[in-house]
Amino acid sequence: MKARLVILGIVIVLVCALIPPLVASSSSGGGEKKEFFIKARQYAYDPPRITVNKGDELHIRLASLDVVHGFFLEGHDIDAQIEPGVRQFKLRHPSEGKEFTDVNEVVFTVEHTGKFRYRCSHTCGTLHPFMQGELIVCPNYPFLAASGGTVGVLISTLLVIFLAGKKHKDAMPGGDAQ
Amino acid sequence: MGNQPANSVDKAKDAPKDSGQVKRFRIDLFEKIPFLKKFCKWRSFQFLAVFPNLVIFLFFLYAGLFGSRVGNRNIIIIFVWIFWWFLLITFMVPFASRIWCVLCPFPFFGEWFQRRALIKVRSGKTGGLRNKMFGLNKKWPKALSNIWLQDIGFLALCTFSALFLTRPIISVVVLGGLFLVATVLAFFYRQRAFCMYVCPVSGFQGLYAMTSMIELRAVDPQVCRKECKTKNCLTGSEKGWGCPWYQYVGKMERNNYCGLCMECVKSCPNDNISVFARPFCGDTQVKGYDESWKAFIMLALAMVYAVTLLGPWGTIRDWANIAEVRNWKGLGIYAGIIWFTALIAIPAVWALASWLGKLLAGVRSISTKEIFVKYSYMLVPLGLLAWIAFSFPLIMVNGSYIISVISDPLGWGWDLLGTADVAWRPILPEYTVYLQILLLLFGLFFALKRGYDISLTLYQDKSQAVRSIIPTGVVCAVIIFAFLRLFTG
Amino acid sequence: MRLKEMLATLSVLVSLIAIPVLVGWYHNGYVLGRHPAGTKVITLYAVAESGAWTLDKVDGTNYWWKDFKPATIYLQEGDKVVLRLQSTDVHHRFYAPQLNIGPIEVEPGLVEEAQFEAETPGTYRYYCTSICGDCHFYMQGWIVITAKGQSPQEPPPLGCVHEFEPPPENDMVAWGRYLYQKNGCITCHGEDGKGGIENPNYAKEGDIEDPSYVKGSVPAHNTIAESFFLEEKEDAETFVEWLIDKQEEPNIPPPDIPRFFIVLRKCEDAIAIIHEGKNCAKADPNGPEPPLQMPSWEVRLTDYDIDAIIAYIITLYEWEEEEEWEEDQE
């Protein structure tokens with residue numbers, strides 16, 4: 001009985017987690033060329049958040065308003081160094097080596113959905129470790145699934161507790177994590 | 001040694017009432033690992049645990065004062081706020097209760113002064129103690145014998161977190177200041193008054209230690225009640241100092257105020273104290289508003305940190321970064337939001353949810369206040385997991401600094417281990433979100449589950465119990481959703 | 001037990017003394033001492049807020065209150081020197097072109113070492129060539145090398161002036177003047193755009209073939225009106241008026257001045273240079289990169305700001321006196 005309730009609980013969570021991504025996946029979009037001009041300053045990027053669709057081709061120009069900053073885009077193998085007063089910036093792909101090359105823009109296609117932070121990779125002052133911005137690639141499946149999962153956990157935990165409580169005085173559905 | 005009967009699961013019925021609802025495992029670690037018991041009973045145990053940390057801590061202070069100003073190249077910033085913090089919140093607190101309090105160097109000199117001993121015990125009489133203690137040994141004022149001071153102190157300190165997290169010199173001021181206060185208070189007040197009532201780290205550790213998977217307890221509380229007249233754990237003996245945290249193990253049922261210093265293990269005449277392994281969230285009682293508010297404050301701060309330090313918004317970081325930006329109005333707004341959220345907004349929502357829970361359950365005899373305080377325990381696993389979800393990116397992104405800074409702790413161009421030039425490199429940062437989602441949902445699950453356990457202690461009828469936690473449960477889900485939005489959305 | 005207690009006490013006391021002693025011993029003996037005997041080890045700390053490479057030891061205890069002065073490094077001919085460069089805040093770049101030192105990237109928290117030998121006696125300027133804050137364009141200092149047996153001459157003092165009272169933004173010429181000062185244009189183009197600031201190995205682009213045109217100094221701005229073909233004072237004033245009015249009404253008709261479209265084209269060229277910056281050519285192609293380069297102000301000045309600066313530098317022309325014709329300035 002207990003095992004069955006646990007399974008019921010897990011199924012509810014999974015179903016709830018799957019519904020929002022499935023709904024969102026039907027929306028079209030992507031494959032466009034999108035241009036952004038991201039300006040870095042102590043200790044943020046402007047725009048702080050850029051939202052694109054999966055499959056878009058991004059053309060990003062970078063500039064610094066004050067001192068030397070970096071631009072490390074997680075999950076995309078992109079690391080740049082931006083010098084103020086210089087229109088070009090230095091780009092490298094960390095997996096390919098340490099050498100930087102001067103470029104006018106960084107071009108890449110977003111393949112994965114979710115949230116990817118771009119953060120400063122070159123010490124730029126006191127709050128440097130917290131300097132970051134966000135690239136949101138829609139549909140944001142991890143977030144959608146997690147949101148559904150939150151509802152799922154709420155419903156399933158309460159429901160399973162309720163069902164279990166009615167019949168088994170001491171059973172603890174869901175089980176201790178250990 | 002070991003004259004007590006073996007015990008494991010069946011001992012649970014002797015455990016205090018709050019955990020008596022459900023059978024949970026409880027493993028006597030001293031029995032399973034005799035070496036651990038021997039080690040904890042060793043008089044040098046405490047000194048050997050603290051001394052290396054004291055040396056390291058003093059070195060950190062030196063580095064903070066005279067080392068590089070650049071935070072991510074100074075050992076005090078990297079080791080305290082990234083390495084130590086991560087270990088504390090993700091491992092020590094959830095798995096080993098207040099083990100940090102054994103290792104903490106803050107009370108070292110104060111306690112040395114009070115005891116005039118680092119290893120040995122002094123018998124004698126001081127107040128109600130069976131030990132000879134030095135200093136004024138005053139009693140801590142009754143009005144402050146709660147954790148309100150820690151609540152407010154921690155909130156006040158964290159309002160300025162953007163400063164001390166990033167500037168070695170301000171870290172020195174904060175940590176050195178606490179070190180000094182701990183030492184000075186020891187001259188005047190009995191034992192570890194600082195740790196018990198003042199230390200800001202102590203407050204949240206106590207709260208979250210309730211979730212911990214170990215506990216120090218009496219092996220058989222009946223022995224304490226019936227056989228023990230001397231209460232040596234509290235008062236001390238020639239074998240061990242009286243509990244510096246004023247705890248009587250016979251009645252101790254929560255981890256909150258036990259610093260795991262192991263003095264009671266040494267002084268207990270019946271050898272009736274042991275360390276047990278237990279399930280996550282073993283203690284489920286929040287007692288009093290001060291502890292409830294601690295839970296609210298911690299939750300609010302986790303959220304504020306997620307916005308300020310891990311969010312993309314520069315304006316908010318500018319407000320927090322008062323030392324450079326000098327926008328006093330901005331700091332006012334920032335501080336106002338933090339204090340309002342922590343002290344008023346979250347508690348108000350919680351009170352509303354508690355009231356609704358009372359209505360839904362439909363039992364008049366149980367007051368909103370009782371629901372409010374008891375159910376605030378739900379925010380303990382929730383808050384802890386939110387903090388862990390916040391702390392993982394810190395180590396995954398900035399962990400490589402640990403490697404470089406260990407070779408060049410002062411940022412003076414040293415290269416002790418040949419790793420000074422290791423470049424900053426985040427470790428799989430793009431997968432952090434998945435980890436955070438799992439942690440947060442796990443936290444929500446535990447909040448609801450333990451919420452239900454607590455509701456069963458209030459309500460006879462199970463369906464009443466479930467109904468009573470629905471509103472607070474929904475609040476928990478909304479909070480988790482807010483964190484998910486910040487971390488992944 | 002007593003022995004243990006004594007050992008514990010002793011180890012606490014020893015550790016209190018040992019930390020600073022060990023740190024000092026390792027740093028002075030090993031880190032600084034690993035250079036061959038006779039080497040001068042000079043540590044320079046870069047401080048953005050003061051705009052200085054300083055010889056003071058900078059750490060958390062003094063950074064927040066002290067105004068650091070740029071270091072003048074006095075050397076004797078033949079000295080072997082190790083410069084230890086470190087930043088206390090942001091990224092800096094150390095460059096002493098005439099001594100062939102650098103440019104060295106100085107990332108905050110790391111220590112970069114540069115070795116050189118003091119050869120030709122003289123007074124040489126060193127620079128920070130990576131924009132590091134309001135004082136960046138002042139962040140320079142001197143290396144003075146004296147011949148054996150001679151006493152050094154003190155070079156002129158350097159330091160950052162960066163407190164300027166902002167005028168109302170709608171007073172375009174005054175605003176231009178304020179930006180010209182605040183953004184450090186005056187440090188390279190001279191007070192009131194008078195120029196004359198030395199830029200080692202700089203040549204105006206296209207002039208390299210003809211050595212007589214090679215310039216060792218940054219272009220002046222006080223003759224820009226002339227190079228815009230604004231030959232009469234009234235014309236210059238009308239043009240500035242038109243620039244001001246254009247802010248309100250972008251489609252305003254052109255003013256009545258001779259050769260307006262040439263003036264406009266010159267003006268647009270100047271705006272483009274401010275906007276995009278300009279790398280200057282080398283006089284001696286094998287020589288060092290000139291240290292003073294025109295940065296791009298694209299993201300740091302608005303179009304209005306740039307127009308204001310143009311308006312301001314047009315007004316710098318001294319009409320009363322007969323100026324010598326100079327090459328057109330950027």
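A note on names: the letters A, B, ... follow the listed sequences, proteins ahead of strands, and every chain is numbered from 1.
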Next on the checklist: Is it true that Trp424(B) and Asn398(B) share a donor-acceptor pair across their side chains at a distance under 3.5 Å?
Outcome noted: yes
Checklist entry - Are Thr315(B) and Asp318(B) linked by a side-chain donor-acceptor pair shorter than 3.5 Å? => result no
Checklist entry - Hey, what do you get for Cys261(B) versus Cys101(B): SG atoms under 2.5 Å apart or not? => result no
With a 4.5 angstrom heavy-atom cut-off, which part of [X] approaches chain C: side chain, backbone, both or neither?
| X | result |
| --- | --- |
| Ser44(B) | side chain |
| Phe59(B) | both |
| Phe109(B) | side chain |
| Leu410(B) | side chain |

Do you know which of [options] has the most heavy-atom pairs with chain B at a distance under 4.5 angstrom?
| options | value |
| --- | --- |
| Leu110(C), Thr88(C), Val12(C), Asp89(C) | Val12(C) |
| Glu112(C), His27(C), Glu49(C), Gln86(C) | His27(C) |
| Asn62(C), Val90(C), Val23(C) | Val23(C) |

Checklist entry - With only heavy atoms counted, which part of Thr9(C) is less than 4.5 Å from chain B, the side chain, the backbone, both or neither? => result both
Checklist outcome for this item: Cut-off 4.5 Å, heavy atoms of chain B, and the answer for Ser11(C) is both
Checklist entry - When you look at CZ of Arg2(C), are more than 12 heavy atoms from neighbouring residues, nucleotides or ligands closer to it than 6.0 Å? => result no
Item to check | Closest heavy-atom pair and its distance - Tyr334(B), Thr159(B) | outcome: CE2-O, 3.4 Å
Checklist entry - Distance from Arg43(B) atom CZ to Trp241(B) atom CH2, nearest 0.5 Å? => result 8.0 Å
Checklist entry - Can you check whether Phe66(B) and Tyr62(B) have ring centres sitting under 6.0 Å from each other? => result yes
